[in-house]
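The chain is numbered in sequence order, starting from 1.
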Amino acid sequence: MEQDIHSDGFNQMERMLLFAFLEESSGCEFKEQLPSLRSQGIVYPLQDILYCDGDGELQTDGNRSGHFQNGEQVFDPEVNEEIVRTIAAQLAEIGDQLDKEIKAKVVNDLVQHFLNENLSREEITRCLSQAVEVLARAIPSDLEREKAMLVLAMVLTKKVANKVPFLLQRVFSTTVNYISQHFHGYVARMLRE
């Protein structure tokens, strides 16, 4: 199992959003396995994680400084679990609608990539990104492109984990990294609105 992400405050918004999305999504056949992400230290409730103070310092035991990505604070202490859950529920509703648009071949191809242990995290993330791009082209134009791509990535996570539940940690980790690379600013803005 890959241990790509660690709960040190980095990517925490993305982790909590994806976790809540999976909890809220219909047709998520591996819900009983979601708590394993918490027990393995991949996801923590927001009240239990590290937070940055006003000076951008990451508050823990005093031995770490804050993390920044593209000049932005990675975790915003203003974001609370209720906001994350509300937005995740809204995204899950959209995801339930988009779910029907995703062909089994796309999911099966992704499953094969995730099962291939010779592929690096970057290669698998690239495969996920390509699948999202292809699917996004077929999405109705009334849905904001960033939101559509974010939701598609999360729906693909659900569909792959539904097919092969033992891949949950690897798929979750890859999707969090993908979301963080491509949509960190969008997620941060969405959670602050």
- Message: Using a 6.0 Å cut-off, check whether atom CD of E32 has over 12 heavy atoms from anything other than its own residue.
- Response: yes

- Message: Contact between F19 and V84 at the side-chain level, heavy atoms closer than 4.5 Å - yes or no?
- Response: no

Qualifying residues under side chain to side chain contact (heavy atoms under 4.5 Å, CB included), relative to [X], sequence neighbours excluded:
{"X": "K31", "answer": "C28, L34"}
{"X": "E144", "answer": "E146, K147, Y186"}
{"X": "N116", "answer": "N118, L119"}

Of all residues at least two apart in sequence or in a different chain, which pass the side-chain hydrogen bond (donor to acceptor under 3.5 Å, both in side chains) check with [X]?
{"X": "R137", "result": "none"}
{"X": "E123", "result": "S120"}
{"X": "K100", "result": "none"}
{"X": "E23", "result": "R85"}

- Item | Results of ring pair (Phe, Tyr, Trp, His ring centres under 6.0 Å) for H182 - residues two or more places apart only | Y178

Distance-minimising heavy-atom pair for [X] and [Y]:
{"X": "H113", "Y": "R170", "result": "O-NH1, 4.5 Å"}
{"X": "L191", "Y": "I83", "result": "O-CG2, 3.4 Å"}
{"X": "E14", "Y": "S180", "result": "OE2-CA, 3.6 Å"}

Ignoring hydrogens and angles, write down the donor-acceptor pairs under 3.5 Å from the side chains of residues 150-165, residues two or more places apart or on other chains.
| residue | atom | partner | partner atom | Å |
| --- | --- | --- | --- | --- |
| T157 | OG1 | A153 | O | 2.9 |
| T157 | OG1 | T175 | OG1 | 2.6 |
| K158 | NZ | S26 | O | 2.9 |
| K158 | NZ | D99 | OD2 | 3.3 |
| K159 | NZ | D99 | OD1 | 3.1 |
| N162 | OD1 | E29 | N | 2.7 |
| N162 | ND2 | G27 | O | 2.7 |
| K163 | NZ | N108 | OD1 | 3.3 |

Nearest 0.5 Å, what's the [atom1]-[atom2] distance between [X] and [Y]?
{"X": "N11", "Y": "L18", "atom1": "CG", "atom2": "CG", "answer": "11.0 Å"}
{"X": "S129", "Y": "I124", "atom1": "OG", "atom2": "CD1", "answer": "13.5 Å"}
{"X": "E122", "Y": "T174", "atom1": "CD", "atom2": "OG1", "answer": "9.5 Å"}
{"X": "L98", "Y": "E93", "atom1": "CG", "atom2": "CD", "answer": "12.0 Å"}
{"X": "Q130", "Y": "R126", "atom1": "CD", "atom2": "CZ", "answer": "7.5 Å"}

- Query: Are V111 and V134 grouped together when hydrophobic residues (ILVMFWY) are joined by side-chain heavy atoms under 4.5 angstrom apart?
  - Reply: no

- Item | Donor on one side chain, acceptor on other, T125 and N177, under 3.5 Å | no

